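For reference, the structure discussed in these notes is given below.
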Amino acid sequence: MNKKSLIFRIKRKSVFFLIKLIQYFRIKKYLFLSVCDIEGKPVLNQPVLFLGEGKVVFKGKVNIGVFTSPHYLNTYAYIDVRKINSTIVIEDGVWLNNNAFLCSDGAGIFIGKNTLAGINLEIIDSDFHNLEPDKRTGFPYEIKPVHIGENVFIGSNVKILKGVSIGKNSVIANSSVVTKDIPENVIAGGNPARVIRAL
C-alpha cells in the first residue's frame with residue numbers, strides 16, 4: 001500500500017468517526033427536546049423531533065434516517081401527534097429515509113411492515129385549516145386516516161394526503177402527490193398520483 005492510499009484510508013475513517021459522533025449528539029439533542037408519548041424504540045440514524053399530545057407506536061425494528069443519503073447531517077425527522085387522540089403506528093421492518101415529516105391531527109397514520117420510503121416523505125391526515133376564506137383559522141376542517149399497507153415502496157419527495165390508503169406491495173414514484181387510494185400491487189405516480197401499471 002502506498003503512502004497516498006494509506007493517508008486516504010486514515011482520513012476516511014477519521015471523517016466517518018467524526019460524522020457518527022456529531023450525529024450521536026444531534027440525536028440526543030432532539031430526543032431531549034421531544035415531548036410525546038412513544039411506545040417502542042426505533043433505531044435513530046438521524047435526529048427525530050417527537051411532538052404532540054397523542055401517541056407514536058413503533059412495533060418491532062423501525063429505522064429512521066440513512067447515513068448514505070442526502071440531508072443526513074443537516075435535517076431531522078419530524079413526527080407530530082397533535083391531539084390527545086392522535087396516533088401514528090409504524091410496524092416492524094419500516095425504514096424511513098432522511099427528513100421525514102409525519103403529522104396526525106387526530107384521524108391517525110398507519111404504516112405497514114417492511115415499507116421503505118425515500119427522502120423528504122410527507123404524510124398528513126388533515127387539512128389543518130378550513131378551506132372557506134372566512135373560517136380558515138378555525139374549525140371545523142377535514143381529517144381522515146392514512147393507511148399504508150405492507151411492503152410498500154415510496155420514492156423520494158412523496159406527499160401522502162389525508163384519507164389515502166395504499167395497498168400492499170405497491171410502488172409510489174418519486175415526487176408523487178397521493179390524494180386518492182392506490183390499490184395493491186401497482187406502480188403509481190404523478191400529481192395527483194394515478195396507477196401507471198400493475199406489478
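The shown structure was predicted, so the numbers you read here are calculated from the model rather than taken from an experiment.
- Shortest non-hydrogen contact noted between N98 and P70 is ND2-O, 2.9 Å.
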Ignoring hydrogens and angles, write down the donor-acceptor pairs under 3.5 Å from the side chains of residues 192-199, residues two or more places apart or on other chains.
none

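- The salt bridge (Lys or Arg N to Asp or Glu O under 4.0 Å) analysis of residues 167-181, with sequence neighbours excluded, yields no pairs.
- Linking Ile, Leu, Val, Met, Phe, Trp and Tyr residues whenever their side-chain heavy atoms come within less than 4.5 Å leaves V81 and I84 in two separate clusters.
- For residues 91-114, the salt bridge (Lys or Arg N to Asp or Glu O under 4.0 Å) pairs, not counting sequence neighbours, are K83-D105.
- Put simply, the side chain of V94 does not reach to within 4.5 Å of the side chain of N63, judged on heavy atoms.
- Nearest approach of P47 to Y30, heavy atoms of both residues: CB-CD1, 3.4 Å.
- The aromatic rings of F16 and F67 sit perpendicular, their planes meeting at an angle over 60°, well past the 30° parallel limit.
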Under 3.5 Å, which donor-acceptor pairs link side chains of residues 19-28 to any protein atom two or more places apart or in another chain?
{"residue": "Q23", "atom": "OE1", "partner": "R26", "partner atom": "NH1", "Å": "2.7"}
{"residue": "Q23", "atom": "NE2", "partner": "N45", "partner atom": "O", "Å": "3.2"}
{"residue": "Q23", "atom": "NE2", "partner": "Y72", "partner atom": "O", "Å": "2.8"}
{"residue": "R26", "atom": "NH1", "partner": "Y72", "partner atom": "O", "Å": "3.4"}
{"residue": "R26", "atom": "NH1", "partner": "L73", "partner atom": "O", "Å": "3.2"}
{"residue": "R26", "atom": "NH2", "partner": "L73", "partner atom": "O", "Å": "3.4"}
{"residue": "R26", "atom": "NH2", "partner": "T75", "partner atom": "O", "Å": "2.9"}

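- With hydrophobic clusters built from ILVMFWY side chains whose heavy atoms lie under 4.5 angstrom apart, L44 does not share a cluster with Y76.
- Side-chain atoms of S86 never come within 3.5 Å of backbone atoms of G54 as a donor-acceptor pair (strictly under, hydrogens ignored).
- Listed by chain and residue number, N157 satisfy the side chain to side chain contact (heavy atoms under 4.5 Å, CB included) test with S175 (two or more places apart in sequence, or in another chain).
- Between G189 and S176 the shortest heavy-atom distance is CA-OG, 3.1 Å.
- Taken from CD1 in I166 to CD1 in I182, the straight-line distance is 6.5 Å, to the nearest 0.5 Å.
- If you run side chain to side chain donor-acceptor pair (under 3.5 Å) between S104 and each of D125, D80, N85, T87, only D125 comes through.
- K144 and A107 make their closest contact through C-CB, 3.3 Å (heavy atoms, listed as atom of the first residue, atom of the second, distance).
- Hydrophobic clustering, with ILVMFWY side chains joined whenever heavy atoms are under 4.5 angstrom apart, groups F101 together with L49.
- Counting only distance, with no hydrogens or angles, the side chain of W95 and the backbone of G65 share a donor-acceptor pair below 3.5 Å.
- I109 and L161 fall into different hydrophobic clusters, where Ile, Leu, Val, Met, Phe, Trp and Tyr residues are linked whenever their side-chain heavy atoms come under 4.5 Å apart, directly or through other members.
- For K162, the NZ atom is densely surrounded, since the number of other residues' heavy atoms within 6.0 Å is greater than 12.
- Proximity of I148 to I123: side-chain heavy atoms (C-beta onward) are separated by under 4.5 Å at one or more points.
- Rounding to the nearest 0.5 Å places CD1 of I64 at 12.5 Å from CG of N99.
- Here the side chains of N151 and N114 are in contact, with some heavy-atom distance below 4.5 Å.
- Between the T115 side chain and the E150 main chain, no donor and acceptor come within less than 3.5 Å of each other.
- The main-chain N or O of F50 is found under 3.5 Å from a side-chain atom of S34 such that the two form a donor-acceptor pair.
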Check: Could you go step by step and tell me if H129 and Y141 meet the ring-ring contact (aromatic ring centres under 6.0 Å, His included) rule?
Finding: CA-CA 6 Å; H129 297 275; Y141 51 81; 7.0 Å; no
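- Taking the ring centre of F17 as origin, the terminal cationic atom of R12 falls outside the region bounded by 6.0 Å and 45° from the ring axis.
- From S69, atom OG reaches atom CD1 of I119 across 7.0 Å, with rounding to the nearest 0.5 Å.
- Side-chain atoms of N130 come within 3.5 Å of backbone N or O of E132 as a donor-acceptor pair.
- Interatomic distance, L121 CG to I160 CD1, rounded to the nearest 0.5 Å: 5.5 Å.
- The closest side-chain donor-acceptor pair between S156 and N120, if any, does not fall under 3.5 angstrom.
- Grouping the Ile, Leu, Val, Met, Phe, Trp and Tyr side chains by contacts below 4.5 angstrom, directly or via other members, places I187 with L116.
- Contact record, I124 with V146: O-CG2, 3.5 Å, taken as the closest heavy-atom pair.
- The stretch residues 34-63 participates, sequence neighbours left out, in these salt bridge (Lys or Arg N to Asp or Glu O under 4.0 Å) pairs: E39-K55.
- Side-chain atoms of L51 and I79, non-hydrogen and from C-beta on, never get closer than 4.5 Å to each other.
- Counting only heavy atoms from C-beta outward, the side chains of L102 and I90 approach each other to under 4.5 Å.
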Next item on the list: Any chance you could lay out the side-chain contact (heavy atoms from CB on, under 4.5 Å) test for V43 and V62, step after step, and finish with the verdict?
Entry: CA-CA 6 Å; V43 177; V62 174; over 6 Å; no
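- Here OH of Y78 is found 12.0 Å from CD of E122. Values are rounded to the nearest 0.5 Å.
- Under the 4.5 Å side-chain criterion, counting only non-hydrogen atoms from C-beta, I143 is not in contact with D127.
- F128 and S126 get closest at one heavy-atom pair: N-OG, 2.8 Å.
- The shortest distance between side-chain heavy atoms of I88 and F58 does not fall below 4.5 Å.
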